[in-house]
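Take a look at the structure set out below.
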Amino acid sequence: MTTLAGQRLTATIDDLINTSAPAGAHALAETLRLRHGDSVAAVLFYGSNFRRDDDREGLLDLYVLVDDCRAALGQRLPALACRLLPPNVYYIEMPHQDRTVRCKYAVLDRAIFCRGMHAAQSYFWGRFGQPSGLLYARDTKVRREVSAALAQAVLTLLGRAVPLLAPRTDEATWWAVALGACYAAELRPERPDAVTALVRDIAPWRTALTPIAAPLLAGVTPLTDGYGIDLSPAARRRGRIAWAARRMLGKTLNAARLIKAAFTFVGGADYLLWKVERHSGVRIEATPFLRRHPLLGIWGIAWRLWRRGGFQ
């Protein structure tokens, strides 16, 4: 982003991600840096635990950005999976002070991370258009790269939502529409009020970034009491068609990632069912067959979860 507004957006994000984090998160980041070696370029902390500044409840969500998946993972097949269907997701727990801290962490090639912020599918920019914190960056160059990628994520998240907006909108509604569309493009086990709560929780992030991002987006005019949206009917139609395609592709890829996670997690099947119950209230016990044969057992479980409303 070479414009002054683009540079200002990146600089603002660079300040925002330089935030405090619980000691347990930093301890996990250091452990992961040692586990995956010199290829680790950055570690990001995001998700509900980041927003709550909490390392005591549930699983922390970390992203480990690496220079080379093979060097970081040490094996050919996991590295290939990391490139073909990124990211690879793993589980780690460790003692810290008077407790055990646990995290779900994703390993991702840093170049794929940057490209993902303007990809057609919303998996990466839907997540990293939201608040995150930088726990580790190898050097200033990597930090600038991460900040620029997150700035692009915000622009993509808000920009792709523009065709879905009314002619006049406010900031909170804009973010609710954008995040709701991203949730709908995945197999997200979320309660109906999840987007409303998320928009409320990220108020400092969206309030700081929306006024800077909006002038960079086509069809958006900042107003004294919100934003004006001026798009032709054809542009709106193209945008809605793109989201329909995004939903089809996103749900398919999300299902594939969930299946892959069942193999990379210790207790992956139990984690997936816990995640669904936590977000949707739908409880299904993992069967011994599912634990022994996740690739075969996951399909029947997925069907039952969908029938009972565990996935939308």
Side-chain angles (χ1 to χ4, degrees), residues 1-19 29 32-33 36-47 50 61-73 78-90 104-161 178-179 182 185-186 205 208-209 212-213 216-218 242 246 249-250 253-254 257 260:
M1 275 173 267
T2 57
T3 66
L4 288 176
Q7 293 170 8
R8 183 182 168 207
L9 180 64
T10 300
T12 302
I13 284 180
D14 191 71
D15 287 338
L16 290 172
I17 63 175
N18 186 30
T19 185
L32 295 177
R33 191 179 67 82
H36 295 289
D38 293 340
S39 186
V40 175
V43 181
L44 284 158
F45 181 23
Y46 75 108
F50 170 74
D61 287 296
L62 304 185
Y63 249 75
V64 180
L65 306 183
V66 300
D67 299 324
D68 179 76
C69 291
R70 178 66 188 277
L73 299 175
L80 181 62
C82 194
R83 288 191 293 268
L84 294 179
L85 185 62
N88 280 15
V89 180
Y90 301 94
K104 168 174 64 76
Y105 74 95
V107 175
L108 180 64
D109 184 290
R110 58 193 272 207
I112 295 176
F113 175 78
C114 293
R115 291 198 300 270
M117 298 314 172
H118 49 74
Q121 209 267 321
S122 62
Y123 184 88
F124 292 113
W125 45 265
R127 282 164 174 74
F128 286 100
Q130 302 174 41
S132 58
L134 188 62
L135 298 179
Y136 167 77
R138 185 170 55 215
D139 52 39
T140 303
K141 178 183 176 182
V142 169
R143 184 187 181 94
R144 285 198 300 261
E145 183 180 274
V146 170
S147 297
L150 299 182
Q152 181 60 58
V154 171
L155 288 175
T156 305
L157 174 66
L158 295 179
R160 297 276 169 84
L179 294 170
C182 290
E186 293 189 34
W205 176 267
L209 298 177
I212 309 172
L216 296 169
L217 299 172
R246 203 166 281 128
L249 176 62
L253 292 177
N254 203 229
R257 288 185 176 104
K260 190 175 74 167

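Fair warning: this is a prediction, and the values are worked out from it, not measured in the lab. Only heavy atoms go into these numbers, but all of them, side chains included; no hydrogens, no water, no symmetry mates.
Among all heavy-atom pairs drawn from Ser132 and Ile17, the shortest one is O-CG2, 3.4 Å. Of all the heavy atoms in Pro86 and Ile112, the pair that sits closest is CG-CG2, 3.9 Å. Of all non-hydrogen atoms in Gly47 and Asp61, the two that sit nearest each other are CA-OD2, 4.3 Å. Across every non-hydrogen atom of Val43 and Ala29, the tightest pair is CG1-CB, 3.9 Å. Of all non-hydrogen atoms in Leu249 and Gln121, the two that sit nearest each other are CD2-CG, 3.9 Å. Ala213 approaches Leu158 most closely through the heavy-atom pair CB-CD1, 4.1 Å.
Using modelled atom types, no side-chain atom of Ser39 and backbone atom of Val66 make a donor-acceptor pair closer than 3.5 Å. Judged purely by atom type and a 3.5 angstrom limit, Gln130 uses its side chain to pair as donor or acceptor with the backbone of Gly126. Side chain of Trp125 to main chain of Gln152: no donor-acceptor pair is present (N/O by atom type, distance under 3.5 Å, no hydrogens or angles). Counting only distance, with no hydrogens or angles, the side chain of Thr156 and the backbone of Met117 share a donor-acceptor pair below 3.5 Å.
Note on residues 105-115: pairs passing salt bridge (Lys or Arg N to Asp or Glu O under 4.0 Å), not counting sequence neighbours, are Asp67-Arg110, Arg110-Glu145. Residues in residues 3-15 take part in these salt bridge (Lys or Arg N to Asp or Glu O under 4.0 Å) pairs, two or more places apart or across chains: Asp14-Arg143.
Side-chain polar atoms of Tyr105 and His36 form a donor-acceptor pair below 3.5 angstrom.
Looking at heavy atoms from C-beta onward, Arg138 lies out of side-chain contact with Val40 at the 4.5 angstrom threshold. Contact annotation: the side chain of Leu179 approaches that of Leu157 to within less than 4.5 Å [non-hydrogen atoms, C-beta and beyond]. A heavy-atom distance below 4.5 Å is found between the side chains of Phe113 and Leu150. For the pair Thr19/Phe50, a side-chain contact is recorded, criterion being any heavy-atom separation below 4.5 Å from C-beta on. Considering only heavy atoms from C-beta on, Arg257 comes within 4.5 Å of Pro87 through its side chain. Looking only at side-chain heavy atoms (C-beta outward), Leu209 and Leu16 come within less than 4.5 Å of each other. Between Tyr90 and Val64 the shortest side-chain heavy-atom distance does not fall below 4.5 Å.
With sequence neighbours excluded, the residues that form a ring-ring contact (aromatic ring centres under 6.0 Å, His included) with Tyr46 are Tyr63, Phe128.
Looking at Glu186 and Arg127, a side-chain N of the basic residue comes within less than 4.0 Å of a carboxylate O on the acidic one, giving a salt bridge.
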